[in-house]
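Take a look at the structure below.
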Amino acid sequence: MKNLNRPELNKSSPSGPPLESTRGGPHIENSRDAIHVKHSPSESSDERTYPPGDVALWIFILAELLVFGVFFSAYAFTRASNVELFNTCQRTLDTNSALINTLALITSSYFVMRAVAAIREDKSQQCFQWLLAALLMGFVFLVVKSGEYLHHYDAGINLRTNLFYMFYLSLTFFHFMHVILGMVILTAVAIKATKGGYSAAEHTGVESGASYWHMVDIVWLVLFPLVYIMH
Amino acid sequence: MNQTGTKTIYAVRPCTFVYIVLMTLTVITWLVGKAGLHGLEISLFVLSFALFKGLLIGDYYMGLRGIKGLWRWVIIIWLLLPGSLITWAFVSAS
Amino acid sequence: MKYQSQAVAKPYFVAAIGLFVAQILFGLIMGLQYVIGDFLFPEIPFNVARMVHTNLLIVWILFGFMGAAYYLVPEESECELFSPKLALLMFWIFLAAGALTILGYLLVPYAALAELTGNSLLPTMGREFLEQPTITKIGIVIVALAFLFNIGMTVLKGRKTVITLVLLLGLTGLAVFFLFSFFNPDNLVKDKFYWWWVVHLWVEGVWELILGAILAFVLIKTTGVDREVIEKWLYVIIALALITGIIGTGHHYYWIGTPDYWQWWGSIFSAMEPLPFFMMTVFAFNMVNQRRRNHPNQAAVLWALGTAVMAFLGAGVWGFLHTLSPVNYYTHGTQITAAHGHMAFYGAYAMVVLTIISYAMPMLNGRTAANSGKSQVVEMWSFWLMTVSMVFITLFLTGAGVLQTYMQRYTDNPQPFMVVQGRLELFYWMREVAGLVFLVGAVLYIISFFVGGEEPEQA
């Protein structure tokens with residue numbers, strides 16, 4: 001049985017490349033130490049073939065984007081056969097709130113980007129502060145969006161009101177849940193950052209959280225004109 | 001080496017510039033809504049803003065601009081897929 | 001075996017395999033009744049055979065899950081099981097309750113069984129897959145709670161890993177959602193609505209967590225790949241499985257009287273349900289390619305890879321075939337559903353239980369790591385016989401389903417149900433033959449544990 005239980009080799013390298021070393025593509029990792037190659041800021045840009053953060057998380061991001069993409073297309077094609085209804089209902093939405101929310105998400109994405117830039121220079125405390133600022137913006141989004149929902153609720157609007165509101169509520173609420181999930185992830189990253197859990201050499205966690213948050217932002221950037229403006 | 005690596009992927013100054021562009025495009029989109037502009041051309045115009053904004057986030061904030069291979073294109077491909085489907089649906093509806 | 005108490009898994013595994021064979025036998029009886037309507041009538045009418053076939057499936061899979069938990073939790077937690085005695089006691093209670101219930105189905109008319117077990121006090125019987133007498137359901141809850149307590153205490157006192165966390169989450173969900181089998185509203189729409197909370201949220205929700213945890217455990221053990229890498233994939237896969245699976249419940253709400261929006265929610269989210277299964281396939285093959293050693297139990301590795309592939313095909317692809325509401329409008333309740341059900345249950349849940357049994361049984365039988373080469377050859381034969389025949393069962397049923405959908409529903413001149421069934425006879429005969437091959441495979445699986453016992457292990 002002695003050869004059976006040595007799975008936790010290499011515990012010290014949680015950042016080891018998960019998939020890439022079996023891929024047929026160019027492997028820059030092979031000749032060097034995995035941690036160093038994947039995450040060190042000292043590597044020049046033309047050597048990178050994987051996006052910042054964990055590949056497993058990127059696969060997750062792709063899956064999420066796929067769901068949103070299908071949802072957006074379903075909205076557009078359903079609208080095509082209900083143009084009048086969609087145009088009328090669209091005018092009842094509050095574009096001011098949508099503007100505030102879009103600006104809030106863009107700003108928080110900017111802050112998250114600054115957090116990654118900070119940790120790349122080994123500045124844990126700065127990284128933490130930028131993340132906190134980003135979380136604050138996320139919170140603004142949640143408050144404003146909740147205000148909108150409350151308004152709809154008071155007006156007696158729900159999923160069954162009509163096709164437009166079904167799509168509007170489903171799409172924005174599904175996105176709303178993603179903002180919450182993104183904030184949970186960023187909070188976990190921020191807590192670890194303030195404890196000094198990341199460094200310039202190893203900060204996959206920050207990059208992964210950042211990539212997820214940017215994805216939530218990109219989805220909203222398409223959602224905003226599609227649902228609020230385009231008619 | 002150190003400087004180039006950091007700069008190309010997470011250089012703060014270009015990203016701040018990108019931030020201003022993102023905010024501006026957003027406000028323009030909102031103004032279009034406020035002004036009550038509508039119609040196919042307006043819709044596609046606003047959509048192209050959104051796709052461009054997504055591209056900027058992917059390239060500059062996610063740092064995809066600095067990498068090689070398939071992953072460099074994932075966000076762009078994603079933007080183009082629903083983007084073209086939405087375009088198709090709006091064109092067919094008008 | 002690292003820990004003495006892991007031995008309690010053995011009776012669970014043995015019972016699982018025994019009930020599995022019984023399930024196949026009742027499947028064969030039903031398969032024959034498709035073409036020879038009065039076969040074994042009135043002793044075992046079709047509805048009883050079907051009830052026994054599906055109930056046995058659930059029970060043996062549950063035995064398998066419990067055995068798997070008792071085997072892998074001590075090893076993951078690095079400590080003995082909280083109470084092996086409680087585990088054994090629950091085994092006998094569960095086995096007795098299961099056996100009595102099946103005997104009740106076979107010996108007494110269903111209505112008499114309901115009366116005999118006091119169903120009128122708390123009516124829960126008479127619904128597909130939840131046919132068990134109320135008293136059996138209460139027994140299941142007691143067994144599940146005792147089991148959860150036992151596993152939970154073990155996890156609490158030992159090392160906490162992602163695998164035990166995910167497994168515990170899945171098992172807790174399994175117990176919690178089963179409670180909805182006691183909820184039986186008079187309103188038929190609500191009845192069906194919550195009925196799916198047991199049926200769907202089990203197989204397309206929390207069971208996927210259990211599946212992921214068991215598969216990850218076997219892959220860690222057999223490939224020696226970093227725990228962190230496997231755990232990370234496990235996280236991503238289960239997150240995706242839950243997002244798509246929970247809202248995907250909507251694909252059962254198309255035609256039962258629920259609001260319109262379920263057409264959209266169900267279609268969009270359930271269409272994404274293949275994704276986590278696809279990721280599981282990619283994940284399993286990558287882990288095996290990245291292996292740091294060749295584990296002597298190659299049969300278990302084969303089962304693990306087979307699980308990933310067949311779960312993707314059966315649950316993912318065959319589920320997607322009829323999950324979109326406009327498609328389901330025509331295919332609902334046809335043989336397409338049966339095709340999907342067979343390959344999904346075999347590919348995902350039967351195979352993962354056979355995987356963990358294949359991995360653990362040699363150790364439970366006192367060997368170091370694996371059975372002899374001779375035994376593994378027999379086992380691999382059983383793998384291919386069962387898997388290929390299940391593919392054929394699925395293909396024949398799919399063919400039957402497509403024809404049925406067309407002749408009975410889609411064409412301009414729809415034919416009555418029984419006329420269409422008559423025309424599908426050839427498919428049903430071929431399905432029955434494939435079923436016999438499947439039985440041979442299952443018997444070989446059992447035989448593999450008894451051959452070559454005296455021979456040395458494969459290096």
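Lettering follows sequence order; numbering is per chain, from 1. Because only heavy atoms are used, hydrogens play no part in the values below, and waters and symmetry mates are left out as well, while side chains stay in.
With rounding to the nearest 0.5 Å, the separation of CG in Leu56(B) from NE2 in His214(A) is 12.5 Å. Rounding to the nearest 0.5 angstrom, the gap separating the OH atom in Tyr50(A) from the CG atom in Leu70(B) is 9.0 Å.
Between chain B and the options Ile218(A), Leu223(A), Leu226(A), Val219(A), heavy-atom pairs under 4.5 Å are most frequent for Ile218(A). No other option in Ile61(A), Asn96(A), Thr78(A) has as many heavy-atom pairs under 4.5 Å with chain B as Asn96(A). Interface check for chain A: of the options Val32(B), Leu81(B), Val91(B), Leu47(B), the most heavy-atom pairs under 4.5 Å are formed by Leu47(B). Comparing Phe49(B), Phe45(B), Trp78(B), Tyr19(B) by heavy-atom pairs within less than 4.5 Å of chain A, the highest count is held by Trp78(B).
Ser211(A) and Met62(B) make their closest contact through O-CE, 3.3 Å (heavy atoms, listed as atom of the first residue, atom of the second, distance). Smallest separation of non-hydrogen atoms from Val46(B) and Pro225(A): CG1-CB, 3.2 Å. Counting all heavy atoms, side chain and backbone alike, Val222(A) lies closest to Ala50(B) at CA-CB, 4.2 Å. Residues Ile57(B) and Asp217(A) share a closest heavy-atom pair of CD1-OD2, 3.1 Å.
If you measure heavy-atom distances from Ile42(B) to chain A, you find no contacts under 4.5 Å at all. Phe224(A) touches chain B through its side chain: at least one heavy atom from C-beta onward sits under 4.5 Å away, while N, CA, C and O do not. Contacts of Leu79(B) with chain A are made by side-chain atoms alone, with heavy-atom separations under 4.5 Å and no backbone atom involved. Looking at Ser92(B), only its side chain comes within 4.5 Å of chain A, counting heavy atoms on both sides. Only the backbone of Leu66(A) comes within contact range of chain B, with at least one heavy atom under 4.5 Å from a heavy atom of that chain. For Ser94(B), no part sits under 4.5 Å from any heavy atom of chain A, backbone or side chain.
Proximity to chain B among residues 97-112 of chain A is limited to Leu99(A), Thr102(A), Leu103(A), Ile106(A), Thr107(A), Ser109(A), Tyr110(A), judged by heavy-atom separations below 4.5 angstrom. Residues from residues 123-145 of chain A never place a non-hydrogen atom less than 4.5 Å from a non-hydrogen atom of chain B. By a heavy-atom distance cut of under 4.5 Å, not one residue of residues 163-173 of chain A is near chain B.
Taking the side-chain contact (heavy atoms from CB on, under 4.5 Å) definition, one finds that Asn87(A) meets it with Arg79(A), Val83(A), Gln90(A), Arg91(A), His231(A), sequence neighbours left out.
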Taking it one step at a time, do Phe77(A) and Leu85(B) satisfy side-chain contact (heavy atoms from CB on, under 4.5 Å)? CA-CA 8 Å; Phe77(A) 281 102; Leu85(B) 285 173; 4.1 Å; yes
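Ring geometry for Trp71(B) against Trp58(A) counts as perpendicular: the plane angle is over 60°, on a 0 to 90° scale with 30° as the lower cut.
At a threshold of 4.5 Å between non-hydrogen side-chain atoms, the residues Ile75(B) and Met215(A) do not count as touching.
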